[in-house]
Amino acid sequence: MIEDIQEVFFSEEDLAAIVARLGAQISEDYKDKNLLLVSVLKGAVVFMADLMRSITIPCKIDFLTASSYHDATVPTDEVKITKDLTIRDVQGYDILIVEDILDTGRTLQRLTGVLEHKGARSVSICTLLDKPERRDPNVTIKPKYIGASVRNEFVVGYGLDFAQKYRNLPFIGILKPEVYLTSRDEIKRGV
Ligand code: IMP
Ligand code: MG
């Protein structure tokens, strides 16, 4: 797997430092609140596991799955919740959505709206990575916490995937161009 990586953007040490900084800030900001961490599957699961252990105040956790459809036949990109929270009543909770990467922002715009509609006391966002160049101009949400900003390149590792692979890399980096080409070839051949 490692031989497919072109360049490492964030080493394990870099990620640990980012997580420690965010965890300390969140612990301070939410000490008098009722914190519920909501992680977006699957990409944010590694970040969630580390972040929750760097938070020193009591909190609960939950998970949801969202999928986006970029279908040319519908006028707007639709985001669907395919696995909902197990906590049914979120009233009284201060929700912090834990996300791997904020790209166009459409997924989190929609999720924020849904969770606010369910009656959460507050809904904020903690994203490990942010790609501000890619933001949809119609998206108005702003993350409360950002681990780091990245330029407009496709990154993998630490939960982030390419075609469902590379999530288990302990660091974040970019793939060699030939990996994408081989993969495209395999998809064409039905491998
Ligand atoms: P968006 O902000 O609604 O466009 O969607 C963000 C989602 O797209 C993230 O949660 C990731 O699952 C995926 N994504 C966006 N950029 C990348 C990337 O560079 N690598 C891996 N997944 C990405
Ligand atoms: Mg994601």
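Because only heavy atoms are used, hydrogens play no part in the values below, and waters and symmetry mates are left out as well, while side chains stay in. Order of appearance sets the numbers: ligands from 1, and atoms from 1 within every ligand.
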Inset, instruction - Give the intermediate values and the outcome of side-chain hydrogen bond (donor to acceptor under 3.5 Å, both in side chains) for residues Lys60 and Tyr93. - result: CA-CA 9 Å; Lys60 293 184 184 174; Tyr93 284 108; 2.8 Å; yes
Suppose I only count heavy atoms of [X] and a 4.0 Å limit; which atoms of ligand 1 are within that range?
X: Asp161; result: 21 (C)
X: Ile101; result: 6 (C), 9 (C), 10 (O), 11 (C), 14 (N), 15 (C), 16 (N), 17 (C), 19 (O), 23 (C)
X: Leu160; result: 21 (C), 22 (N)
X: Glu99; result: 10 (O)
X: Thr107; result: 1 (P), 3 (O), 5 (O)
X: Asp100; result: 9 (C), 10 (O), 11 (C), 12 (O)
X: Lys131; result: 16 (N), 17 (C), 18 (C), 19 (O)

Legend entry - Residues in salt bridge (Lys or Arg N to Asp or Glu O under 4.0 Å) contact with Arg121, at least two apart in sequence or another chain: Asp94
Inset, instruction - If the plane angle is over 60° it's perpendicular, under 30° parallel, otherwise tilted; pick one for Tyr30 and Tyr145. - result: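 Because their plane-to-plane angle lies in the 30° to 60° range, the rings of Tyr30 and Tyr145 count as tilted.
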Legend entry - Nitrogen or oxygen atoms of Gly105 and ligand 1 under 3.5 Å apart: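 Between Gly105 and ligand 1 (N or O atoms, distance only) the closest approach is under 3.5 Å.
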Inset, instruction - Return yes or no for this condition: an N or O of Leu108 is under 3.5 Å from an N or O of ligand 1. - result: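 No - when backbone and side-chain N and O of Leu108 are compared with those of ligand 1, no distance drops under 3.5 Å.
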Legend entry - Among Leu175, Asp103, Val79, Leu102, closest by any non-hydrogen atom to atom 15 (C) of ligand 1: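 Going through Leu175, Asp103, Val79, Leu102 one by one, Asp103 has the nearest heavy atom to atom 15 (C) of ligand 1.
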Inset, instruction - With sequence neighbours excluded, give me every side-chain hydrogen bond (donor to acceptor under 3.5 Å, both in side chains) pair touching residues 1-10. - result: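 As it turns out, the side-chain hydrogen bond (donor to acceptor under 3.5 Å, both in side chains) pairs with a partner in residues 1-10, which skip direct neighbours, are Asp4-Tyr166.
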Legend entry - Minimum heavy-atom distance Thr182-Glu178, with the two atoms named: OG1-O, 2.6 Å
Inset, instruction - Measure centre to centre between the rings of Phe9 and Phe171, then say whether the value is under 6.0 Å. - result: no
Legend entry - Whether Glu153 lies under 4.0 Å from ligand 1, heavy atom: yes
Inset, instruction - Could you tell me whether Glu153 and Arg151 have a side-chain N and a carboxylate O separated by less than 4.0 Å? - result: yes
Inset, instruction - Report yes or no: do Tyr158 and Asp100 form a side-chain donor-acceptor pair below 3.5 Å? - result: no
